[in-house]
**Student:** 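Provided herewith is a single structure, encoded as structure tokens, for subsequent inquiry.
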Amino acid sequence: MPPPRVRFAPAPSGWLHVGGARTALYNWLYARGRSGAFVLRVEDTDAERTSEDALDAILQGLRFLNLDWDEGPQVGGPHGPYRQSERRPLYASVAEALLAAGHAYDAYETPEELEAQRRAAQEAGLPPGYQGAHRQLTDAQREAFMAEGRKPVLRLRTPDEGATVVDDAVRGRVEFDWADVSDFVIQRADGSPTYFLANTVDDLAMGISLVARGDDLLSATPRQQLLMDLLLRDDLLDNALAASRYPARPPGAAAPTYAHLPLLVGPDRKPLSKRHGSVAVDEYRRQGFLPEVLVNFLALCGWSYDATTERFTADELVAKFSFQRVGRNPAYFDTDKLRSMNGDRIRELSDEELAERLQPYFNEAGLVADLPSPDHQRLLLGFAPLLRERIQNLAEAVPLVAFAFGDDLVHDDRAVGKHLVGTARDVLAATEAALGGLDQWTAEAITAALDGIAEALGLSRRRAFQPVRVAVTGSDVSPPLPETLALLEPDLVLTRLRAARALVGN
RNA sequence: GCCCCCGUCGUCUAGCGGCCCAGGACGCCGCCCUCUCAAGGCGGUAACGGCGGUUCAAAUCCGCUCGGGGGUACCA
């Protein structure tokens with residue numbers, strides 16, 4: 001068996017969303033686990049819905065997840081070009097060959113006429129598919145249509161009877177009656193190829209051995225398999241490839257097998273889409289989800305290894321992944337679980353790793369520079385162990401310790417109203433005095449000082465700590481107070497304690 | 001309408017005839033720890049859509065039914 005060739009074939013019409021990422025991941029895992037090739041092909045035949053920005057976003061998303069491709073945009077490869085917009089002549093010549101061989105025919109109905117026919121069929125309780133009215137036009141009829149200014153589409157003839165089988169790696173054996181599959185369009189009136197033609201031709205031409213894609217394409221498979229049979233028969237495709245200067249198929253290539261993946265759905269059980277909130281991989285990146293966690297979680301959206309294991313490194317996934325263990329029921333993209341896994345992973349990071357991963361998020365928030373100052377680096381590293389237990393994603397760290405990254409402090413009104421009252425005035429004064437007299441600026445020394453104040457004033461730790469917390473951090477929620485104060489400049493702490501006394505109400 | 005797919009705790013799932021009065025994880029609830037918030041520890045809640053078969057025995061096999069989804073496009 002030659003090494004497998006799989007592909008991810010996105011249409012660049014938006015960001016990489018998590019469903020697409022999951023499909024890409026499964027293909028990538030399969031290829032990497034079997035020394036195969038992972039091909040990235042851009043399906044940009046529909047100029048209307050395609051943009052260069054969208055393509056960049058998709059490539060970036062894949063890079064973020066560390067899903068590298070062996071052939072495709074930016075890396076090239078022996079079976080390119082890998083953008084369908086650069087393969088138009090191939091589709092045209094294949095379409096022509098199909099027409100010449102009698103497998104396809106031109107049909108002249110306008111979209112409006114077809115729409116009307118569909119509606120009529122529906123109302124009469126008949127199947128809405130194309131009935132094949134133009135299957136056997138005479139030359140005279142064709143000329144008459146042309147004279148009306150009509151441009152034909154090309155339709156592929158499907159068998160009128162019998163059945164066909166899709167042997168799916170995750171669904172098993174699925175049977176379809178040809179009677180339910182009407183003649184379908186492979187080339188539009190403007191000469192452009194439809195998905196069925198371009199996608200099928202390329203999977204064959206690029207020697208793809210397994211197609212793993214969304215379940216929504218399962219019912220398209222009989223049509224594509226039929227097309228493949230026709231293209232392979234009588235070397236139709238190989239001749240077209242040769243005639244139009246595109247690379248020949250890899251030696252020994254055959255038609256691919258299929259694996260249809262369960263869809264990712266939203267809370268309403270409908271396929272995941274924008275209206276379900278965050279669906280773009282980049283959204284999750286911005287929120288501070290780690291790529292290795294996203295990969296781990298995405299792998300679990302439809303696949304499982306056993307009853308209990310759910311933490312996997314990318315290498316482990318590569319070693320363990322198989323389509324046999326891909327489930328058949330749609331998976332809900334559960335962000336609570338994702339958050340939990342992300343938090344677990346964050347807790348595994350060393351101080352240095354965490355500080356390094358945190359830096360871009362503080363940079364994006366305008367708190368630290370691209371190249372952080374030594375002071376800021378020291379702060380990030382110092383806060384890392386305090387933050388680690390408190391965040392589920394990296395972006396959450398920013399509001400928690402923003403107070404440390406500048407002289408200005410914004411007080412939370414609610415916290416001020418709750419904690420800077422009554423005995424707080426005494427607490428702040430005593431704390432300022434005690435901390436000002438400290439000769440060791442360490443968490444231990446600060447703890448001792450604060451405890452001493454609580455005792456002297458006859459207050460609980462809580463009553464003694466909270467006013468100080470609000471005074472210095474602006475909020476009544478922060479990392480542990482003594483450790484936090486120890487990271488700040490003593491002068492800054494004292495200044496804030498003094499300033500806060502003016503805020504104390506009754 | 002017709003065709004196809006799917007149906008186990010709220011969620012993701014394990015289960016491929018007896019090991020299951022169904023296991024794990026997330027969530028949720030309670031308790032412990034505690035300077036806030038977390039993290040952590042301990043405990044708990046909760047599911048085989050329904051009905052008929054087959055079988056000594058069914059979450060597991062079969063039929064029907066109900067529910068969800070996809071397709072039936074000159075979208076992919």
Side-chain angles (χ1 to χ4, degrees), chain A residues 9-11 13 43 45-46 48-49 107 109-111 114-115 118 121-130 151-155 166 168 171 174-177 179-182 184-190 192-196 198-199 213-223 260 262-263 265 267-271 297 300-311 327-341 343 347 386-392 396 400 415 419 447 450-451 454 460-466 468-470 473 475-482:
Chain A
S13 59
E43 308 228 322
T45 47
D46 188 347
E48 300 284 304
R49 322 193 320 151
E109 294 96 338
T110 64
L114 290 169
E115 177 55 32
R118 258 195 301 279
Q122 289 270 29
E123 279 162 20
L126 297 166
Y130 184 69
K151 291 253 190 279
V153 300
L154 221 54
R155 282 184 186 271
V166 175
D168 193 275
R171 306 278 146 185
V174 185
E175 211 174 301
F176 295 87
D177 282 336
D180 298 318
V181 182
S182 49
F184 59 97
V185 176
I186 57 173
Q187 190 179 55
R188 302 187 186 95
D190 66 3
S192 65
T194 63
Y195 170 77
F196 291 108
N199 182 268
R213 41 140 64 158
D215 191 33
D216 50 337
L217 263 356
L218 178 59
S219 49
T221 312
R223 281 171 281 178
H260 286 94
L263 258 21
V265 298
D268 56 359
R269 305 271 102 188
K270 297 249 199 308
F297 180 72
L300 260 15
C301 285
W303 172 85
S304 67
Y305 177 63
D306 60 19
T308 55
T309 319
E310 56 177 29
R311 300 299 312 269
R328 280 167 289 274
N329 41 339
Y332 170 61
F333 193 81
D334 184 2
T335 47
D336 276 339
K337 176 87 175 205
L338 211 209
R339 284 176 58 80
S340 162
M341 288 177 67
R347 259 157 259 132
L386 306 182
L387 252 11
R388 181 162 39 225
E389 318 280 288
R390 294 181 164 70
I391 56 174
Q392 307 282 63
E396 286 172 1
L400 265 182
H419 297 286
T447 302
L450 291 174
D451 281 347
S460 64
R461 261 192 164 184
R462 180 195 188 96
R463 297 282 301 275
F465 279 46
Q466 285 300 73
V468 176
R469 189 188 306 278
V470 175
T473 73
S475 162
D476 56 359
V477 175
S478 84
L481 193 55

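Protein chains get the first letters and strands the later ones, always in sequence-line order, with residue 1 at the start of each.
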**Student:** At 4.0 Å (heavy atoms only), tell me whether Leu481(A) reaches a base, stays on the sugar-phosphate, or touches nothing.
**Tutor:**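 Result for Leu481(A) = base.
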**Student:** Please report the C-alpha distance between Phe196(A) and Phe184(A) in whole Å, then the side-chain angles of each, then the deciding distance to 0.1 Å, and finally whether the ring pair (Phe, Tyr, Trp, His ring centres under 6.0 Å) criterion is met.
**Tutor:** CA-CA 9 Å; Phe196(A) 291 108; Phe184(A) 59 97; 5.1 Å; yes
**Student:** Let me know the distance between CG of Leu300(A) and C1' of A14(B), rounded to the nearest Å.
**Tutor:**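 Roughly 12 Å, once rounded to whole Å.
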**Student:** Reckon Arg462(A) has a side-chain N or O less than 4.0 Å from the OP1 or OP2 of U34(B)?
**Tutor:**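 Negative; the distance criterion is not met.
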**Student:** Can you tell me how far P in G67(B) sits from the matching atom in G49(B), rounded to whole Å?
**Tutor:**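 After rounding to an integer number of Å, I get 15 Å for this pair.
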**Student:** With a non-hydrogen cut-off below 4.0 angstrom, is Glu396(A) in contact with a base, only sugar-phosphate, or nothing?
**Tutor:**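 No contact at all - Glu396(A) keeps every heavy atom at 4.0 Å or more from the nucleic acid.
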**Student:** For the base of C35(B), is there a side-chain donor-acceptor partner from Arg469(A) under 3.5 Å away?
**Tutor:**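 Such a pair exists between side chain and base.
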**Student:** What nucleic acid atoms does Pro480(A) come within less than 4.0 Å of, heavy atoms only: base, sugar-phosphate, or nothing?
**Tutor:**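 Answer is base: heavy atoms of Pro480(A) come under 4.0 Å of a base.
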**Student:** Please report the distance, rounded to the nearest Å, between CE in Met341(A) and P in U13(B).
**Tutor:**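 Between P of U13(B) and CE of Met341(A): 13 Å.
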**Student:** Between the base of C37(B) and the side chain of Arg390(A), is there a donor and acceptor pair under 3.5 angstrom?
**Tutor:**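 A donor-acceptor contact between them is present.
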**Student:** When the nearest nucleotide of RNA chain B is assigned to Thr45(A) and to Leu338(A) on a heavy-atom basis, which residue is associated with the more 5' position?
**Tutor:**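 First, find each residue's nearest nucleotide; the 5'-ward one identifies Leu338(A).
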**Student:** Using Watson-Crick or G-U wobble geometry with both distances under 3.5 Å, which nucleotide pairs with G49(B)?
**Tutor:**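 Pairing partner, where one exists within any strand: U65(B).
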**Student:** Using a 4.0 Å heavy-atom cut-off across all strands, classify Val153(A) as base, sugar-phosphate, or nothing.
**Tutor:**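 Touches a base.
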**Student:** Under a 3.5 Å cut-off for both contacts, is C33(B) paired Watson-Crick or G-U wobble with anything, and if yes, with which nucleotide?
**Tutor:**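 Because no pair has both required distances under 3.5 Å, C33(B) counts as unpaired.
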**Student:** To the nearest Å, how far apart are Leu263(A) CG and C4(B) P?
**Tutor:**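 Result: 19 Å.
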**Student:** C2(B) P sits how many Å from Glu175(A) CD, rounded?
**Tutor:**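 Checked: the CD to P distance equals 19 Å.
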**Student:** Pick base, sugar-phosphate or nothing for Glu43(A), based on heavy-atom distances below 4.0 Å to the nucleic acid.
**Tutor:**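 Glu43(A): backbone/sugar contact only, no base atoms under 4.0 Å.
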**Student:** For Gly302(A), which contact category applies under a 4.0 Å heavy-atom criterion: base, sugar-phosphate, or nothing?
**Tutor:**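 Sugar-phosphate contact only.
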**Student:** Roughly how far, to the nearest 0.5 Å, is the CD atom of Gln466(A) from the OG atom of Ser478(A)?
**Tutor:**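 Atom-to-atom, Ser478(A):OG and Gln466(A):CD are 8.0 Å apart.
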**Student:** Which whole-number value in Å describes the distance from Asp336(A) CG to U13(B) P?
**Tutor:**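 Result: 16 Å.
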**Student:** Tell me, please, which residues at least two apart from His260(A) pass ring pair (Phe, Tyr, Trp, His ring centres under 6.0 Å).
**Tutor:**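 If we apply the ring pair (Phe, Tyr, Trp, His ring centres under 6.0 Å) test to His260(A), skipping adjacent residues, the hits are Tyr258(A).
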**Student:** Could you state the CZ-C1' distance from Arg347(A) to G40(B), rounded to the nearest angstrom?
**Tutor:**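 Rounding to the nearest Å, CZ of Arg347(A) and C1' of G40(B) are 10 Å apart.
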**Student:** Write down the distance separating the P atoms in G43(B) and A59(B), rounded off to the nearest Å.
**Tutor:**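 Pairwise P distance, G43(B) against A59(B), rounds to 29 Å.
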**Student:** In whole Å, what is the span from the CZ atom of Phe297(A) to the P atom of U11(B)?
**Tutor:**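 These atoms are roughly 14 Å apart.
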**Student:** Looking at Arg328(A) and Asp215(A), is any side-chain nitrogen of the basic one under 4.0 Å from a carboxylate oxygen of the acidic one?
**Tutor:**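 No, this pair does not count.
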**Student:** Base, sugar-phosphate, or nothing for Pro479(A), non-hydrogen atoms under 4.0 angstrom?
**Tutor:**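 Base, at least one base atom sits under 4.0 Å.
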**Student:** Is Gln187(A) touching bases, backbone alone, or none of the nucleic acid, heavy atoms closer than 4.0 Å?
**Tutor:**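 Nothing, no heavy atom under 4.0 Å.
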**Student:** Is Pro482(A) close to Phe465(A) at the side-chain level, that is, under 4.5 Å between some pair of heavy atoms?
**Tutor:**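 Side-chain contact under 4.5 Å: yes.
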**Student:** For Phe196(A), which contact category applies under a 4.0 Å heavy-atom criterion: base, sugar-phosphate, or nothing?
**Tutor:**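 If one applies the 4.0 Å heavy-atom cut-off, Phe196(A) turns out to touch a base.
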**Student:** Pick the P atom in G63(B) and in C48(B), then give their distance to the nearest Å.
**Tutor:**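 Comparing P positions in G63(B) and C48(B) gives a spacing of 23 Å.
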**Student:** What is the separation between atom CD on Glu310(A) and atom C1' on U11(B), rounded to the nearest whole Å?
**Tutor:**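 The answer, rounded to whole Å, is 12 Å.
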**Student:** Check this for me: does any side-chain nitrogen of one of Asp476(A) and Arg469(A) sit under 4.0 Å from a carboxylate oxygen of the other?
**Tutor:**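 Salt bridge absent between Asp476(A) and Arg469(A).
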**Student:** Mind checking who G1(B) pairs with, Watson-Crick or G-U wobble, both distances under 3.5 Å?
**Tutor:**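 Partner of G1(B): U72(B).
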